[in-house]
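Everything below concerns the one structure shown next.
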Amino acid sequence: MKIEKTDRRITVMTDGDFDLHICPELKALLEEDLKDHRVTHVCFDLSKTSFIDSSGLGLILYIYKQTAPYGGKVSVINASPPAAKLFEMAGLDELLNLRRKGREKLG
Amino acid sequence: MAKGKNYLRLEFYAKDCNLAAARLAAAAFSAEMGFSLTDIEEIKVAVSESVSNAMIHGYGGDETRIVTLTLSAFENELEMVVDDDGIGISDVEQALIPAYSAAEDHLGLGFVFIQSFTDALDIRSAPGEGTSVRMCKRRRGE
């Protein structure tokens, strides 16, 4: 798991499995970073994520709910086809500005 | 009791680090049965959701309790059963409604994904008597 921070943007890159196992630690880290409301964009880069389930989606939605009240934005990029399918089934693809892996190449 | 053409039973502590092992067991078992990669991804989600439910809802995070994953291979069907002996579900129908969840911050979509990715779902539960989630997935022809 890698978290890159600039002044107002955080990029989260989870490698491997984005499930219940990593959610509590990741949630605590992000809550700490978000508490002063300076961060306006949290980007979840799933390029190295091999698996995600509703625990991962739930955490991303939780971060959205934390940042939305003060105008923050959450996005999800490089989602694999199985991951993108879950976001779509949950109706979260537009809300979370979902972009699939290799989307540019496919046009 | 073993049944079907192949059978695998995995017992493990309700520690979230064991989710990966449960998914991998189901992935390897279903790959051997000839399921497609897309189906295997769906099987992994179904197992992950049901085992997570047992850990979060059934046992409330008590990592000393035991979850059981039982896999049975039939001619063209995989049966997956996840058992816990935790608090149980008082209203199974309510638990199947999207976004309903008794635990805070949990998306409550677990059963929705399970229902979408399997061909049959049967939940047996009663308060104080644990939960048994039985899921079946058929293997489609090429």
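What you see is a predicted model; the values in this text were computed from it and never measured. Sequence lines set the chain letters: A, B, ... in the order given, protein chains first and strands last, and positions in each chain run from 1.
Listed for the B/Glu49 side chain is a donor-acceptor partner under 3.5 Å among the backbone atoms of A/Ser54.
Between the CG atom of B/Leu109 and the CG atom of A/Leu92 there is a distance of 7.0 Å, given to the nearest 0.5 Å. Separating the CG atom in A/Leu20 from the NZ atom in B/Lys15 is a distance of 13.0 Å, to the nearest 0.5 Å. Here the CE-OG distance, from B/Met55 to A/Ser55, works out to 10.0 Å after rounding to the nearest 0.5 Å. Taking CZ of B/Arg23 as the reference point, atom CZ of A/Phe51 lies at 4.5 Å (rounded to 0.5 Å).
Contact annotation for A/Asp53: both backbone and side-chain heavy atoms come within less than 4.5 Å of a heavy atom of chain B. Neither the backbone nor the side chain of A/Ile22 comes within less than 4.5 Å of any heavy atom of chain B. Residue A/Lys85 touches chain B through its side chain alone, counting heavy-atom pairs closer than 4.5 Å.
For the pair A/Asp17 and B/Leu19, the minimum side-chain heavy-atom distance is 4.5 Å or more. Using a 4.5 Å heavy-atom cutoff, the side chains of B/Phe113 and A/Leu57 are in contact.
By the criterion of side-chain heavy atoms lying less than 4.5 angstrom apart, applied directly or through intervening Ile, Leu, Val, Met, Phe, Trp or Tyr residues, A/Ile10 is not grouped with A/Ile77; the two fall into different hydrophobic clusters. One hydrophobic cluster, built from ILVMFWY side chains closer than 4.5 Å, holds both A/Leu30 and A/Met1. Both B/Leu10 and B/Val47 are part of a single hydrophobic cluster, where members link through side-chain heavy atoms under 4.5 Å apart. Follow the hydrophobic side-chain contacts under 4.5 Å out from A/Met13 and you never reach A/Leu46; the two are in separate clusters. Under the 4.5 Å side-chain heavy-atom criterion for Ile, Leu, Val, Met, Phe, Trp and Tyr, B/Ile87 and B/Ile56 are members of distinct hydrophobic clusters.
Heavy-atom contacts from other residues, nucleotides or ligands closer than 6.0 Å to CD of B/Glu32 number 12 or fewer. Around the CZ atom of B/Arg124, the shell of radius 6.0 Å holds no more than 12 heavy atoms that belong to other residues, nucleotides or ligands.
Residues passing the ring pair (Phe, Tyr, Trp, His ring centres under 6.0 Å) test with A/His37, sequence neighbours excluded: A/Tyr70.
Here the closest heavy-atom approach between residue B/Glu41 and residue A/Pro82 is recorded as CG-CG, 3.9 Å.
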